[in-house]
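Below: one structure, written as structure tokens.
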Amino acid sequence: SRKGKSLIFSAKTRLRKGAVKLRAVDYAERHGFMKGLVKNIIHDPGRGAPMAEVVFHNPYRFKLCKERWIAVEGLHTGQFVYCGSK
């Protein structure tokens with residue numbers, strides 16, 4: 001049987017898009033809600049489900065925050081999604 005590290009049995013991670021996370025729970029999300037816009041739905045190699053790129057307004061600075069979520073069934077680009085107590 002094989003023991004130890006091998007070169008040919010390693011995962012191909014070069015083309016992966018990045019980690020999938022929800023928004024960090026901040027003051028705006030605890031006391032209200034944040035509206036995000038689904039910009040893109042992309043395929044991530046090595047993952048069974050598609051990923052969605054969701055853009056939120058930063059509540060503290062004038063900029064946009066891009067998050068990567070797992071795209072649930074029925075999600076499409078241009079759709080608004082809400083995080084928080086809504």
Side-chain angles (χ1 to χ4, degrees):
S1 69
R2 286 197 312 269
K3 289 186 171 73
K5 192 171 175 348
S6 174
L7 293 175
I8 61 171
F9 295 108
S10 60
K12 310 288 190 293
T13 59
R14 184 175 60 90
L15 297 172
R16 296 226 175 136
K17 303 296 187 279
V20 172
K21 296 175 183 173
L22 293 175
R23 286 189 78 251
V25 181
D26 55 358
Y27 181 87
E29 203 169 316
R30 281 194 304 271
H31 293 85
F33 62 91
M34 297 282 298
K35 183 169 85 165
L37 177 67
V38 179
K39 284 286 191 181
N40 200 3
I41 293 181
I42 53 179
H43 169 73
D44 192 18
R47 186 186 299 273
M51 285 171 34
E53 286 184 349
V54 184
V55 174
F56 292 92
H57 282 284
N58 192 314
Y60 308 112
R61 293 174 191 83
F62 180 71
K63 65 178 187 176
L64 295 174
C65 294
K66 197 186 323 185
E67 307 281 339
R68 282 191 210 86
W69 289 4
I70 293 290
V72 296
E73 193 172 348
L75 192 74
H76 55 84
T77 56
Q79 184 174 0
F80 290 118
V81 291
Y82 296 91
C83 280
S85 61
K86 188 176 174 87

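Legend: residues meeting side chain to side chain donor-acceptor pair (under 3.5 Å) with Asn40, ordered by chain and number and at least two apart, are absent. Applying the side-chain contact (heavy atoms from CB on, under 4.5 Å) criterion to Phe62, with sequence neighbours excluded, gives no partner residue. Qualifying side-chain contact (heavy atoms from CB on, under 4.5 Å) partners for Lys63, counting only residues two or more places apart in sequence or in other chains: Asn58, Arg61.
Under the 4.5 Å side-chain contact rule for hydrophobic residues, Val54 and Ile41 share a cluster. Put simply, Leu22 and Val72 are part of the same group of oily side chains (I, L, V, M, F, W, Y) that touch within less than 4.5 Å, one to the next. Linking Ile, Leu, Val, Met, Phe, Trp and Tyr whenever their side-chain heavy atoms come within less than 4.5 Å puts Leu75 and Trp69 in one cluster.
Counting all heavy atoms, side chain and backbone alike, Met34 lies closest to Pro59 at CE-CD, 4.1 Å. His43 and Arg47 make their closest contact through CE1-O, 4.4 Å (heavy atoms, listed as atom of the first residue, atom of the second, distance).
Atom NE2 of His57 and atom SG of Cys65 lie 10.0 Å apart (nearest 0.5 Å). Atom OG of Ser85 sits about 12.0 Å away from atom CZ of Arg30, to the nearest 0.5 Å. In this structure, the separation between CG on Asp44 and CZ on Arg68 is 8.5 Å, given to the nearest 0.5 Å.
Heavy atoms of other residues, nucleotides or ligands lying less than 6.0 angstrom from OH of Tyr27 number 12 at most. The environment of Lys17 atom NZ is dense: over 12 non-hydrogen atoms of other residues, nucleotides or ligands sit within 6.0 angstrom.
Not a single donor-acceptor pair under 3.5 Å links the side chain of Arg23 to the backbone N or O of Phe56. Thr77 places no side-chain N or O within donor-acceptor distance of the main-chain N or O of Val38, the cut-off being under 3.5 Å. Within the 3.5 Å criterion, the main-chain N or O of Pro45 finds a donor-acceptor partner in the side chain of Arg16.
Note: Phe33 and Tyr82 have perpendicular aromatic rings, judged against thresholds of 30 and 60 degrees for the angle between ring planes.
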